[in-house]
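Below is one structure, written out as structure tokens, with a few remarks after it.
The figures that follow rest on heavy atoms only: side chains count, while hydrogens, waters and symmetry mates do not.
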Amino acid sequence: MAESRTVAVIATLDTKGREAAFLRECLLRQGLTARLIDVGVGDAPQCALAQGDVPAADVAAAAGTTLEALRVSRRDEGMAAMGFGAAAVLQGAAAVGGLAGAIGLGGNQGTAVACTALRSLPLGVPKVMVSTVASGNIRPYIGASDIAVVFSLADLLGGPNRITRGVLARAAGMLGGMIDTVGDQETTTSEDSRPAVALTALGNTHAAAVRIMEALAAQGFEVVPFHASGAGGSAMERLIDAGAFAGVIDLTTHELLGELYPDDIYAPVGIRRLTAAGRRALPLVAAPGGLDYFIFGPPESVPPPLRDRATHHHNPYNTNVVAQAAERARVARLLAERLNEAQGPAAFLYPRRGWSHIGREGAVMWDPEAGEAFRQALRDALRADRVRYVEVDAAINDLRFADEVVRVYLELSRAG
């Protein structure tokens, strides 16, 4: 079988071996070669290993340890080591073109281990996780990776049954479908020679984002928007580091506020925000989109000390609470620090009349004193010899502001 049709199946074979073997058969019927990677540290596997499979001892060795050592270690440490070992195995296979995709299955522990391995693969490599905890908070498991998650419905225990057989078969079909479409997507991308620009957005900066996308498309750019939801901005940073973009417009830097105040549900899940473009010396334009408010879950999730502040109920699961002067000044200093590190041309554009739809002049999050605290802290910390500073007498969603972002970006792009 050609290497490009080989996939990895990651599971604790001491407890999920029969399910893994069934999943292998489902993948074989699609013309894929499935290699089992055993991440269990307990008893012997419940299924026979075939040539090309990776036994648990080899996974432990890839993590620089042994099964014997892991069996007497703390459980969380043992599971983490097996995750890192499986990641090393996957990365080794991917480096020589021997991996078309990967799928994991497991409960809470197995999901943590398998997702550690899946996250290590480049974005774009097909990844599926069949999990018993898919309906819980899986943000720590997934991070900024493009892992498709399937809820197992029933527990993965005792071998496939009338419920889990269908779930596993469909998950195998998902992976196969992903692999079969990768080639077409890559062909389309290779034929598109337009320079790509990354752009961050939230619903509250939507109008500006759309205007910027349309204007840059007219100038021959392809703009790729990222939802600044914690995972979105982190995925953008990862793709910037991978060389996917010619420039960045970080219009909606809300995740920096979440980085400083992690109760915010849009706190970044990956590498430091607003750093990758600077490392790669790309043209970079930033703005304070969404830095005027915190984002929490349902109203009852708002921390008690913040419940008397101005609040906007975005939807039943998303509650916005205004950020005050000290908090805005703190995030301004962090933003300036990151921009000052940029190795390429960088600019910050400040919209005087509001940083979001709900923070525009006269709206619920409008707080001119807090805005001035941010502006002063930023100007004090920003290096004028490294970062261009531009003020615009407009709200962030006004066409005037969006057009100024485009103008400055084009200048930086030509300079870069």
Side-chain angles (χ1 to χ4, degrees), residues 4-11 23 27 32 37 83-84 86-91 93-95 97-106 110-131 133-152 170-190 192 196-202 222-245 248 255 265-273 276:
S4 62
R5 301 289 291 175
T6 298
V7 300
V9 178
I10 309 162
L23 189 55
L27 293 164
L32 299 169
I37 299 178
F84 296 138
V89 171
L90 291 186
Q91 290 171 337
L99 189 68
I103 185 168
L105 65 154
T111 301
V113 175
C115 283
T116 298
L118 294 172
R119 289 196 310 268
S120 74
L121 290 172
L123 298 177
V125 174
K127 313 168 189 71
V128 176
M129 182 70 218
V130 183
S131 174
V133 295
S135 63
N137 177 18
I138 58 172
R139 179 183 174 95
Y141 300 86
I142 304 301
S145 185
D146 52 345
I147 301 171
V149 181
V150 178
F151 181 33
S152 65
R170 289 188 290 273
M174 286 177 60
L175 184 64
M178 291 179 187
I179 292 167
D180 288 340
T181 58
V182 165
D184 292 339
Q185 292 173 339
E186 290 181 345
T187 299
T188 301
T189 302
S190 66
D192 191 342
V197 178
L199 170 71
T200 52
L202 285 175
E222 180 182 23
V223 182
V224 180
F226 290 85
H227 191 240
S229 59
S234 298
M236 180 189 72
E237 298 284 332
R238 187 173 172 183
L239 286 165
I240 293 168
D241 269 330
F245 297 106
V248 177
E255 288 154 317
I265 61 171
Y266 282 4
V269 298
I271 58 177
R272 297 190 314 160
R273 284 286 281 108

So how far is it from L90 CG to L99 CG, rounded to the nearest 0.5 Å? 6.0 Å
Can you list everything that forms a side-chain contact (heavy atoms from CB on, under 4.5 Å) with E222? Sequence neighbours excluded, please. D192, R194
Nearest 0.5 Å, please: how far is SG in C115 from CD1 in I147? 4.5 Å
Looking only at heavy atoms, the pair that brings A171 and V150 closest together is CB-CG2, 4.4 Å
In chain order, what residues pass the ring-ring contact (aromatic ring centres under 6.0 Å, His included) check against F226, with sequence neighbours excluded? F245
Excluding sequence neighbours, so at least two apart, what forms side-chain contact (heavy atoms from CB on, under 4.5 Å) with S152? V130, T132, L156
For A231, what residues pass the side-chain contact (heavy atoms from CB on, under 4.5 Å) criterion, not counting sequence neighbours? V269
Please name the pair of heavy atoms, one in L202 and one in A228, separated by the smallest distance, quoted to 0.1 Å. CD2-O, 3.6 Å
Distance check, rounded to the nearest 0.5 Å: T111 atom OG1 versus L118 atom CG? 10.0 Å
I'd like to check the side-chain contact (heavy atoms from CB on, under 4.5 Å) partners of A148; sequence neighbours left out, ordered by chain and number. V128, M174, M178
Taking side chain as C-beta onward, heavy atoms only, is I103 less than 4.5 Å from M129? no
Return the set of residues passing side-chain hydrogen bond (donor to acceptor under 3.5 Å, both in side chains) with S234 (not counting sequence neighbours), or none when no residue passes. none
Tell me, please, which residues at least two apart from T116 pass side-chain hydrogen bond (donor to acceptor under 3.5 Å, both in side chains). none
Would you compute the distance between atom OG of S145 and atom CG of L123 and round it to the nearest 0.5 angstrom? 6.0 Å
Where I10 and A117 come nearest, the two heavy atoms and their spacing: CD1-CB, 4.0 Å
For the backbone of V149 and the side chain of K127, can you confirm whether one donor and one acceptor N or O come within less than 3.5 Å of each other? no
Correct closest heavy-atom pair for A87 and S120 would be CB-OG, 3.4 Å
How far apart are the closest heavy atoms of L105 and A11, and which atoms are they? CD2-CB, 3.6 Å
Nearest 0.5 angstrom please: R119 CZ to R238 CZ, how far? 9.0 Å
Rounded distance (nearest 0.5 Å) linking atom CD of E255 with atom CD of E237: 8.5 Å
Testing the basics here: between I37 and A86, what is the closest heavy-atom pair and its distance to 0.1 Å? CG2-CB, 4.3 Å
So, using ring-ring contact (aromatic ring centres under 6.0 Å, His included) as the criterion, who are the partners of Y141 when residues are at least two apart? none
Sorted by chain and residue number, the salt bridge (charged side-chain N to carboxylate O under 4.0 Å, His left out) partners of R170 (sequence neighbours excluded) come out as none
